[in-house]
Student: 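Shown below is the structure under consideration.
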Amino acid sequence: MPRITKQNRTGSTKRKKTSSVLDRIAPVGQITTGLKFLVYGRSKTGKTRLASTFPKPALLIGTEDGTKSVASVKGLHFVKLQKSDDLEEITGLLAKGEYRTGILDTAGGLLDLMLKEVAGLDELPVQRHWGMATREDWMAAGAQFKERMRTILDLVDSSELNFVTIAHERNFNEDSDSDVLAPSVGAALSPSVASWLNVACDYLCQTYLKEKVVVKEIKVGKKVKKVTRPTGEIEFCLRTGPHEVFMTGFRLPPGQNLPEFISDPTYDKILKIIQGS
């Protein structure tokens, strides 16, 4: 029986080289991807302002219009979610590489939007509580949130896109009557969603305000002592280091120093810590 050779359209008998997973092996230092950043904190502590310092052009994806604090930032665009399905089209836009940074403001607002749709409610009560929806509704909304966010965060793993997730602050043990449980403060989401998002993001930080102090040297007899004095000025801070109450986390190589907090935080300051410079 004669041997039959199947030809391609150009008449060549050579097979097209297929890509292999082995082609994607590279030294870890050569792997460059964006940042998966989760920042939480109380209202007006600089969360959105910090996110607006990330590389431009940047897209601020809002569940409400909180753009007043960043109205003068150039290269920052805004879109308000009207339904959770809007996020699918926005994810497609981010995948095209037209934006260097995506910002979700806020994670809790997105989860509320999904819960409202799942439960068939026109509006959610101002004070959230478990009785406003069934356990199945909460679980379905949480699962939908994770699926949507995982799709976006996967883009970060395969590109140079940065994605910042903003959340309000919650004390997870404040409703407990137990004297044994220590306070635990993190992103204001349902416990299962918060735990998942904490792990999914490489950098977990908390914004807070504190009063600025100055260190002065005073002479007491023959000795010189350093004393701190308050200035009355408010300082925006980002908690980065480990804390017994506030949930924080930074993926850094062993031995690399991590400050307790960053004063007047920006993307550039964060990147210097990550790069160890």
Side-chain angles (χ1 to χ4, degrees), residues 34 36-43 47-48 51 59-66 78-95 99 102-158 161-178 181 184-206 247 249:
K36 292 183 288 186
F37 202 87
L38 170 58
V39 57
Y40 69 91
R42 295 183 179 182
S43 179
K47 300 183 296 296
T48 307
L59 179 62
L60 178 60
I61 307 161
T63 55
E64 57 187 27
D65 189 351
F78 173 73
V79 60
K80 183 179 179 181
L81 296 176
Q82 295 181 345
K83 57 185 185 300
S84 61
D85 283 347
D86 290 343
L87 202 57
E88 183 175 354
E89 193 170 353
I90 292 171
T91 303
L93 177 63
L94 294 176
Y99 288 95
I103 306 165
L104 174 62
D105 189 9
T106 63
L110 177 59
L111 184 59
D112 284 348
L113 180 61
M114 292 175 170
L115 179 62
K116 184 176 70 172
E117 293 173 348
V118 168
L121 301 173
D122 293 329
E123 291 294 337
L124 292 178
V126 175
Q127 186 65 37
R128 308 292 190 264
H129 56 86
W130 287 104
M132 68 183 182
T134 65
R135 181 173 179 272
E136 288 72 21
D137 289 338
W138 284 96
M139 292 177 63
Q144 184 179 347
F145 178 92
K146 295 174 187 177
E147 190 63 33
R148 295 285 193 190
M149 289 298 295
R150 181 169 58 186
T151 302
I152 293 178
L153 296 179
D154 282 349
L155 292 178
V156 180
D157 287 332
S158 59
L161 174 73
N162 301 284
F163 197 82
V164 182
T165 304
I166 298 174
H168 293 301
E169 184 177 297
R170 174 186 177 184
N171 185 339
F172 281 88
N173 294 331
E174 63 183 353
D175 299 326
S176 175
D177 296 329
S178 174
L181 293 175
S184 178
V185 180
L189 299 163
S190 64
S192 65
V193 171
S195 297
W196 177 85
L197 193 58
N198 289 347
V199 175
C201 294
D202 295 323
Y203 306 97
L204 169 62
C205 304
Q206 181 233 7
M247 297 182 188

Student: In Å and rounded to the nearest 0.5 Å, what is the CD to OG1 distance from Glu88 to Thr151?
Tutor: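 Separation between the atoms: 8.5 Å.
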Student: Would you check, one step at a time, whether the test side chain to side chain contact (heavy atoms under 4.5 Å, CB included) holds for Ile90 with Ile61?
Tutor: CA-CA 9 Å; Ile90 292 171; Ile61 307 161; 3.7 Å; yes
Student: Which heavy-atom pair separates Leu161 from Val156 by the least distance, and what is that distance?
Tutor: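 Heavy atoms of Leu161 and Val156 come nearest at O-CG1, 3.2 Å.
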Student: At what distance, to the nearest 0.5 angstrom, does CG of Leu111 lie from CZ of Arg148?
Tutor: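 Here the rounded value is 13.5 Å.
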Student: For side chain to side chain contact (heavy atoms under 4.5 Å, CB included), just list the numbers for Glu136 and Met139, CA-CA rounded to whole Å, side-chain angles, deciding distance to a tenth of an Å, and then say yes or no.
Tutor: CA-CA 5 Å; Glu136 288 72 21; Met139 292 177 63; 5.6 Å; no
Student: Grab the two heavy atoms, one from Thr106 and one from Thr63, that are nearest each other, plus how far apart they are.
Tutor: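 Taking Thr106 first and Thr63 second, the nearest heavy atoms are N-OG1, 3.3 Å.
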Student: Would you be so kind as to tabulate the donor-acceptor pairs closer than 3.5 Å made by side chains of residues 194-205, with sequence neighbours excluded?
Tutor:
residue	atom	partner	partner atom	Å
Ser195	OG	Pro191	O	2.9
Asn198	ND2	Ala194	O	3.3
Asp202	OD1	Arg251	NE	2.7

Student: List in chain and number order the residues that pass ring pair (Phe, Tyr, Trp, His ring centres under 6.0 Å) with Phe145, two or more places apart in sequence or in another chain; answer none if no residue qualifies.
Tutor: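 By the ring pair (Phe, Tyr, Trp, His ring centres under 6.0 Å) rule, Phe145 matches no residue at all.
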Student: Give, for atom CD of Glu64 and atom NZ of Lys80, the distance between the pair rounded to the nearest 0.5 Å.
Tutor: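 Taking CD in Glu64 and NZ in Lys80, the distance rounds to 8.0 Å.
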Student: Judged by atom type as modelled, is there a donor-acceptor pair below 3.5 Å linking the side chain of Asp86 to the main-chain atoms of Lys83?
Tutor: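 Flag set: sc Asp86 to bb Lys83 pair under 3.5 Å.
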Student: So, taking the atom named CG in Leu60 and the one named OH in Tyr99, what distance separates them when rounded to the nearest 0.5 Å?
Tutor: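 Answer rounded to 0.5 Å: 10.5 Å.
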Student: Supply the atom-to-atom distance Lys116 NZ to Asp112 CG, rounded to the nearest 0.5 angstrom.
Tutor: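 One finds 9.0 Å between NZ of Lys116 and CG of Asp112.
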